[in-house]
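Letters A, B, ... are given to chains in the order of the sequence lines, protein chains preceding strands, and every chain is numbered from 1. Just so you know, these numbers use all the heavy atoms, side chains as well, and skip hydrogens, waters and symmetry mates.
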Number of protein chains: 2
Amino acid sequence: MNPISPPKTPNELLERAGLIAGRSLAELAHTQAQSVPDNLLHAKGWVGQLIEQCLGASAGSRAEPDFPELGIELKTIPLNANGSPKETTYVCTVPLNEPATSWETCWLRQKLNQVLWLPIEAAAELPVAQRRVGSAILTQLSREQDVQLKQDWHEHMELIATGRIDEICAHHGTYLQIRPKAANHKALRETTDADGRTIKTLPRGFYLRTTFTADILARHYL
Amino acid sequence: MNPISPPKTPNELLERAGLIAGRSLAELAHTQAQSVPDNLLHAKGWVGQLIEQCLGASAGSRAEPDFPELGIELKTIPLNANGSPKETTYVCTVPLNEPATSWETCWLRQKLNQVLWLPIEAAAELPVAQRRVGSAILTQLSREQDVQLKQDWHEHMELIATGRIDEICAHHGTYLQIRPKAANHKALRETTDADGRTIKTLPRGFYLRTTFTADILARHYL
DNA sequence: AGGGATCCATGATTGGATCCCA
DNA sequence: TGGGATCCAATCATGGATCCCT
């Protein structure tokens, strides 16, 4: 299949999202000449990448939102049988050995500034092929959310900047947590500890807690 | 031991509570010439009744608060290792076959109108004898709590009044739930179903969810 | 290695069942 | 039976571990 060209306007993106709303993953996979995996154990990112293709996101880009011309990031939200987010949402990797940035200019905030959220049915008992796409929600980070995330981010970055990254566990952060993001727990990266020594640590990522994404859904469907 | 006379004023009650704050159940049991059970499996109400004796509550009374002269009810709150309520709090039995009452006059609200809450250490790994009594909290039902409970109570009573009590399960109610309150699940009482037929149903009780009591503790220690 | 994420063992919660006393 | 409650099996939630693609 030919890759679909990027949408030129937010409205065009929303129109495309409207066209896939309510359709099953089997239907969408067919339009992309793809087969549907029986389960996601060995295809964890499959749904997200399928949706990217359907909407014309520029795949594999780095240091750019999924729709660079629009400054819009795409995030799928897997829903449990109850219609609530089933998983936390990965945002980006945690910078190590990087020069300090401010909240206002950090990559995390840029990614979350404008997001097209796409809820996807994901109850364990529902076969992957039968799962349907919900209706998309285009958001801009609200003042309140900005403050909430800024606070968590600062606490995390303070620990990282002082070489105490290994003290961070997933319990930290009200809305934004830091968790491993690696091939496995033996995949190590170098960084600097509190005494200035080079140590190896697990690569981490920033994740939005389900309470945060649940709130986005709730506000929209209110 | 002589039973202690009822406190004559709220201040006297609070003074007595102050005297037992920080003391272990072993110490308190000793003052009442009681032995401490190794565990509460066969003595589930033991702690509550011990505290009643220590404070001079008129035991075994019906249709009256624990301290009738003061209009004050006594409730112990078992705390887990984290200092949060470990269990829901039983309030009173659910009326069956009773004439309808209003929220303003119902027995539940009268009991909760003024309560002396007594937190008690109750982490599973802490031997009963070593558990200590916390500092007492005397509360009046706030406007907000009154509204919260009224709403739950009305929903419950509506189902009961229309003979649909067997549809009520512990998931109902934001702050106030209804659960079995019986010797065992074979203990049945008669009531009337939606079609006016006499049926047998489990006796039930009203229970406050731990979120409700946790909030009381939080407000006090704020 | 960064971007797309879910898996799943283990801990926390819960609510139906149960226990003693007067 | 009403009042004093806790027990504990089953379910839910969580967060450390892991997987594919480019």
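Residues satisfying the side chain to side chain donor-acceptor pair (under 3.5 Å) test with A:Q114, not counting sequence neighbours, are none. Residues satisfying the side chain to side chain donor-acceptor pair (under 3.5 Å) test with A:E167, not counting sequence neighbours, are A:R164. Scanning for side chain to side chain contact (heavy atoms under 4.5 Å, CB included) contacts around B:H154 gives B:W103, B:K150, with sequence neighbours left out. Looking at residues two or more places apart in sequence or on another chain, you find a side chain to side chain donor-acceptor pair (under 3.5 Å) between B:D215 and B:R219. Under the side chain to side chain contact (heavy atoms under 4.5 Å, CB included) criterion, A:L19 pairs with no residue, sequence neighbours left out. Take B:W153 and apply the side chain to side chain donor-acceptor pair (under 3.5 Å) test, not counting sequence neighbours, and it matches no residue. With sequence neighbours left out, the ring-ring contact (aromatic ring centres under 6.0 Å, His included) criterion links A:Y90 to A:Y207.
In terms of phosphate contacts, A:T93 brings a side-chain nitrogen or oxygen within less than 4.0 Å of OP1 or OP2 of C:dG3.
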Please tabulate, one pair per line, all N/O donor-acceptor pairs under 3.5 Å involving side-chain atoms of residues 39-51 of chain B, not counting sequence neighbours.
residue, atom, partner, partner atom, Å
B:N39, OD1, B:L41, N, 2.9
B:W46, NE1, B:Q34, OE1, 2.9

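Side-chain contact between A:L79 and A:K86 is absent, with no heavy-atom pair separated by less than 4.5 Å.
Look at CZ on B:R204: it is 14 Å from P on D:dG2, rounded to the nearest Å. Residue B:E52 contributes atom CD, which lies 17 Å from atom P of D:dG2 at whole-angstrom precision. As a whole-Å value, the separation of A:H156 NE2 from D:dG15 P is 11 Å. One can place CZ of B:F206 at 13 Å from P of D:dG2, the figure rounded to the nearest angstrom. Here C:dA22 presents its C1' atom at 18 Å from CH2 of B:W46, a figure rounded to the nearest Å. Protein atom OH of A:Y90 is 8 Å distant from nucleotide atom P of C:dG2, rounded to whole Å. Whole-Å rounding puts the B:D66 CG to D:dA5 C1' distance at 13 Å. Protein atom CG of A:L25 is 11 Å distant from nucleotide atom P of C:dT6, rounded to whole Å.
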*Encode nucleotides 14-21 of chain C as B, S and - characters from 5' to 3', where the letter depends on protein heavy atoms closer than 4.0 Å: B to the base, S only to sugar-phosphate, - to neither.*
-SBBBBS-
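When only modelled atom types and interatomic distance are considered, B:T213 and B:T210 share no side-chain donor-acceptor pair under 3.5 Å.
At its two ends the helix from C:dA1-D:dT22 to C:dA22-D:dT1 runs along axes set 50° apart, each axis drawn from five pairs and the angle rounded to 10°.
For A:D66 (side chain) and A:L74 (main-chain N/O), a donor-acceptor pair under 3.5 Å exists by modelled atom type. The backbone N or O of A:V94 lies less than 3.5 Å from no partner atom in the side chain of A:H156, so there is not a single donor-acceptor pair.
In the region residues 107-131 of chain A, proximity to DNA chain C at under 4.0 angstrom, judged on heavy atoms, holds for A:W107, A:K111. A heavy-atom distance below 4.0 Å to DNA chain D is reached by these residues of residues 70-83 of chain B, ordered by number: B:E73, B:K75, B:T76, B:P78.
Here the options are A:Q145, A:R209, A:Q151, A:Q148, the test is side chain to side chain donor-acceptor pair (under 3.5 Å), and the partner is A:Y175; only A:Q148 passes.
The shortest heavy-atom contact between B:R16 and B:G56 is NH1-CA, 3.8 Å.
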